[in-house]
Amino acid sequence: MPEKEVEKTIDALLQERRTFEPPKEFTEQANASDPAIYEEAERDPEGWWESQAERLDWFERWDTVLEQDPPWHKWFVGGKLNASYNCLDRHLESHGDRVAYHWVGEPGETRDVSYRELHEEVSRLANALKDLGVAKGDRVAIYMPMIPELPAAMLACARIGAPHSVVFGGFSAESLRDRINDAECKVLITADGGYRKGNVVPLKDNADEALESTESIEKVVVVQRTDEDVNMVEGRDVVYSEIVQAASADCPAEPMDAEDILYILYTSGTTGKPKGIVHTTGGYLTGVASTHHYIFDIKPESDVYWCAADIGWVTGHSYIVYGPLVNGCTSILYEGAPDHPDKDRWWSIIEDHRATILYTAPTAIRSCMKWGVDYPQKHDLSSLRVLGSVGEPINPEAWIWYQEFIGGGKTPVVDTWWQTETGQIVISALPGLTTLKPGSATKPFPGSFADVVDESGEPVGPGGGGYLVLKRPVPAMFRTIFNDADRYVETYFERFGNDVYFPGDGAKLDDDGYYWLLGRVDDVMNIAGHRISTYEVESALVDHPDVAEAAVVGRVDPKEGETIVAFCTVKSGVEGDDDLMQELRGHVAKVIGKLARPHSIIFTDDLPKTRSGKIMRRLLRDVATGQELGDVSTLQNAPILDAIKAKASSQAADDE
Ligand code: WTA
């Protein structure tokens with residue numbers, strides 16, 4: 001379809017059909033087809049979650065569903081189970097030969113891994129990890145590409161009760177080092193490399209650099225993915241395939257307490273040090289299995305489900321690994337980029353595997369919009385029946401485009417709000433029940449209790465805007481920050497009291513009680529669906545010898561998403577020119593990872609500061625977004641703003 005036509009279609013749809021009723025045929029076959037589910041869960045949330053825990057196999061049943069001592073909460077107290085058992089063993093008898101993952105490597109190879117095969121691989125690896133000295137409670141770091149060995153590694157850890165800490169493969173050596181040190185991991189599982197946009201990501205080289213300053217790592221397991229020549233340290237590094245082949249395939253799953261740690265996953269907070277979000281076993285698995293079942297309307301016998309996130313983020317943990325495997329469904333696992341070798345890679349994968357469900361992020365949808373509808377239209381996408389979105393607010397245009405051109409104008413689009421901390425989706429439509437409004441995550445999932453409140457914690461009511469809060473924990477909710485209980489309380493529970501969780505997001509409620517998420521209200525940016533704090537990027541910039549001071553803000557554009565803008569002052573004798581800008585972007589990539597690179601850097605003689613010397617980011621945000629400047633009366637150096645504004649606009653003109 002020509003571009004003009006696409007625009008016209010979107011405009012017309014936006015005008016005419018602001019709401020979308022669930023198609024009748026969909027409701028008739030839906031996992032959630034009776035609205036009574038909401039009332040039931042509201043009347044007796046614990047009873048509702050208890051019924052959801054029945055989705056799992058327990059070695060011992062719980063005594064108490066929820067034990068609360070706000071802000072501390074425990075779910076399914078006294079229950080015993082194992083995550084790997086729930087993902088694998090219990091499926092073997094009735095559908096062991098079902099495909100767990102259709103894996104697609106970026107260079108083009110494919111591999112189908114059945115539940116039985118995955119079970120065997122996980123059992124062997126679990127035994128091998130034990131042989132390497134990993135015991136229950138020891139932490140294992142995982143730094144891998146999107147290959148089947150990644151979920152296998154996570155499940156092997158879960159099988160023996162060793163919490164895993166997965167670090168996204170796009171993070172730098174330094175980021176990996178900090179995360180390993182914070183969790184004091186004993187073993188690292190990595191790969192020689194992985195493929196991304198036709199290049200090899202040198203994971204093992206990065207790992208070696210990280211391990212120069214880690215004391216806790218004793219052994220390193222290396223998957224041979226690319227067969228590049230990598231450095232293997234005698235006595236420390238072992239080859240994955242060798243230890244797996246040598247190990248026994250018999251490894252009973254360790255009975256774990258419902259509240260034992262399943263994993264730690266780091267996420268950015270407002271300070272430099274990332275937070276180790278702690279998830280436990282029973283509640284987490286209950287929450288992800290239930291939401292995955294209802295929100296994506298999973299029919300394990302027939303669906304081919306694809307969550308196109310990276311397992312290195314929470315979306316991958318909950319909705320590529322644990323949720324889908326607990327539910328026994330077939331997933332697609334794709335290693336690489338959506339535009340390699342061409343911009344129709346995703347659509348060709350969907351066509352090849354007859355994918356029925358696609359779950360991705362608005363940033364990816366917007367890229368596809370920019371590339372144009374010719375790419376999806378070259379492929380038969382008629383197998384799709386549910387589309388999902390996660391990670392940031394989805395603008396209505398992108399929502400409509402997604403439904404129209406990927407979903408053939410018929411599929412429900414579920415916009416799902418949640419966080420690393422909540423572990424499970426909290427606000428989302430149910431595709432067979434909810435009337436959809438493009439751009440709104442709609443309503444809390446059954447058994448979840450949200451609200452929007454003002455500064456003083458008072459509900460704003462329908463039509464109002466303010467801070468999103470959760471008034472009751474959901475089962476998959478994190479339990480604490482690893483080794484930092486004080487920070488857990490301060491960050492999330494100080495603002496509105498111990499029994500009200502504050503996620504850090506702004507939201508609006510409309511007259512029908514629908515939630516419209518407005519983005520973060522703290523100094524955390526959302527870059528392509530990933531959380532990066534302004535402070536982390538600032539620290540990386542001032543770490544460069546030429547930079548004196550740096551202030552970083554997110555520039556939000558509803559159509560483009562959020563991009564990073566940095567304001568830097570340089571040391572005397574240094575020229576703030578294009579070369580330095582490129583060098584600094586490279587430096588941030590080295591310190592944090594490519595995803596944190598500023599989109600633009602504005603060099604300035606000074607930064608706007610209050611009399612007490614605090615940088616006024618708020619004003620810089622106004623400059624970056626080209627808005628009227630807010631209140632400047634507390635500024636000690638007001639004239640500098642004019643100079644910064646002039647620079648910013650000349651740079652914007654250069655960009656065009
Ligand atoms: C944002 C990702 C609007 C939000 C699962 C949240 C969203 C942060 C949505 C968590 C959505 C996530 N609509 N905003 N549907 N989903 N967010 O921890 O600001 O990487 O606080 O978890 O992403 O990001 P995280």
Side-chain angles (χ1 to χ4, degrees), residues 166-168 170-171 263-270 274-279 287-288 291-292 295 307-323 359-366 387-396 398-399 402 413-429 434 436-445 448 450 452 467-470 474 476-478 481 491-492 501-508 514-533 554 556 558 561-562 593 595-596:
V166 179
V167 179
F168 170 56
F171 272 129
Y263 68 80
I264 304 167
L265 180 61
Y266 285 84
T267 188
S268 291
T270 48
K275 301 178 279 198
I277 300 300
V278 172
H279 282 293
V288 298
T291 47
H292 183 251
I295 295 170
C307 167
D310 193 288
I311 292 177
W313 307 106
V314 76
T315 304
H317 280 61
S318 298
Y319 298 106
I320 298 178
V321 181
Y322 290 108
Y359 187 31
T360 184
T363 175
I365 300 165
R366 286 192 299 259
L387 299 177
S389 172
V390 59
E392 55 183 319
I394 179 164
N395 47 312
W399 194 106
Y402 193 29
V413 175
V414 289
D415 173 15
T416 63
W417 179 92
W418 60 295
Q419 306 181 294
T420 307
E421 290 86 339
T422 67
Q424 67 178 86
I425 297 167
V426 180
I427 303 179
S428 167
T434 314
L436 303 171
K437 300 188 186 186
S440 165
T442 75
K443 304 222 172 174
F445 185 76
S448 316
V452 180
Y467 303 103
L468 179 69
V469 292
L470 302 185
V474 289
M477 188 90 169
F478 71 138
I481 294 176
T491 312
Y492 304 102
Y501 170 73
F502 174 51
D505 277 37
K508 208 176 67 187
Y514 275 52
Y515 286 75
W516 297 77
L517 278 307
L518 302 173
R520 305 283 314 180
V521 294
D522 53 13
D523 285 328
V524 176
M525 299 173 289
N526 187 327
I527 307 302
H530 305 310
R531 279 157 72 173
I532 309 278
S533 80
V556 185
E562 191 162 2
L595 72 166

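No experiment lies behind these values; they were computed from the predicted model shown. Atoms within a ligand are numbered from 1 in the order they appear, just like the ligands themselves.
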Might you point out which heavy atoms bring Phe502 and Leu468 nearest each other, and give the distance in Å? CD1-O, 3.8 Å
Say whether Ser389, considering both its backbone and side-chain N or O atoms, lies within less than 3.5 Å of an N or O atom on ligand 1. no
Closest non-hydrogen atom pair between Gly423 and Val288, with its separation: O-CG1, 3.5 Å
If you apply the rule salt bridge (charged side-chain N to carboxylate O under 4.0 Å, His left out), what do you find for Glu392 with Arg366, and how did you get there? CA-CA 12 Å; Glu392 55 183 319; Arg366 286 192 299 259; 3.2 Å; yes
N/O to N/O below 3.5 Å, does that happen between Thr315 and ligand 1? no
Check for me whether Glu392 has a heavy atom closer than 4.0 Å to any atom of ligand 1. yes
Do me a favour and list the nearest non-hydrogen protein atom to atom 18 (O) of ligand 1 with residue, atom name and distance? Thr420 OG1, 2.5 Å
Closest contact, heavy atoms only, Ile320 versus Cys307: CD1-O, 3.5 Å
With a cutoff of 4.0 Å, is Pro393 in contact with ligand 1, counting heavy atoms of the residue only? yes
Heavy-atom distances under 4.0 Å decide this one: backbone, side chain, both or neither, for Leu517 against ligand 1? side chain
Region of Arg531 engaging ligand 1 - heavy atom pairs below 4.0 Å: side chain
Ligand 1 atoms in contact with Asn526 (distance to a heavy atom under 4.0 Å): 1 (C), 23 (O)
Closest to atom 1 (C) of ligand 1 among protein heavy atoms sits Gly391 O, 3.3 Å
Looking at Val314, which atoms of ligand 1 are within less than 4.0 Å of one of its heavy atoms? 5 (C), 22 (O)
List in chain and number order the residues that pass side chain to side chain donor-acceptor pair (under 3.5 Å) with Thr422, two or more places apart in sequence or in another chain; answer none if no residue qualifies. none
Taking only non-hydrogen atoms of Asp415 and a 4.0 Å limit, the atoms of ligand 1 in range are 11 (C), 15 (N)
Residue pair Gly269 / Ser533: nearest heavy atoms and the distance that separates them: O-CB, 2.7 Å
Any heavy atom of Ala441 under 4.0 Å from ligand 1? The part involved is neither
With a heavy-atom distance limit of 4.0 Å, tell me whether Ile394 approaches ligand 1 through its side chain, its backbone, both, or neither. neither
Regarding ligand 1, does Asp505 bring an N or O atom to under 3.5 Å of one of the ligand's N or O atoms? yes
How far does CG of Asp505 sit from CG of Asp522, to the nearest 0.5 angstrom? 8.0 Å
Residue list, side chain to side chain donor-acceptor pair (under 3.5 Å) with Ser440, at least two apart or on another chain: none
Measure Thr416 to ligand 1 on non-hydrogen atoms and call it side chain, backbone, both or neither using the 4.0 Å cut-off. backbone
Heavy atoms of Pro444 and Ala450 approach each other most closely as CG-CB, 3.9 Å
Do you know which two heavy atoms are closest between Ser389 and Ile394, and how far apart they sit? OG-CD1, 3.8 Å
What are the atoms of ligand 1, with element, lying closer than 4.0 Å to any heavy atom of Val390? 5 (C)
Identity of the nearest option to atom 10 (C) of ligand 1, non-hydrogen atoms only, from Tyr515, Trp418, Trp516, Trp313: Trp418
For the residue pair Tyr359 and Thr315, confirm or rule out a side-chain donor-acceptor distance under 3.5 Å. no
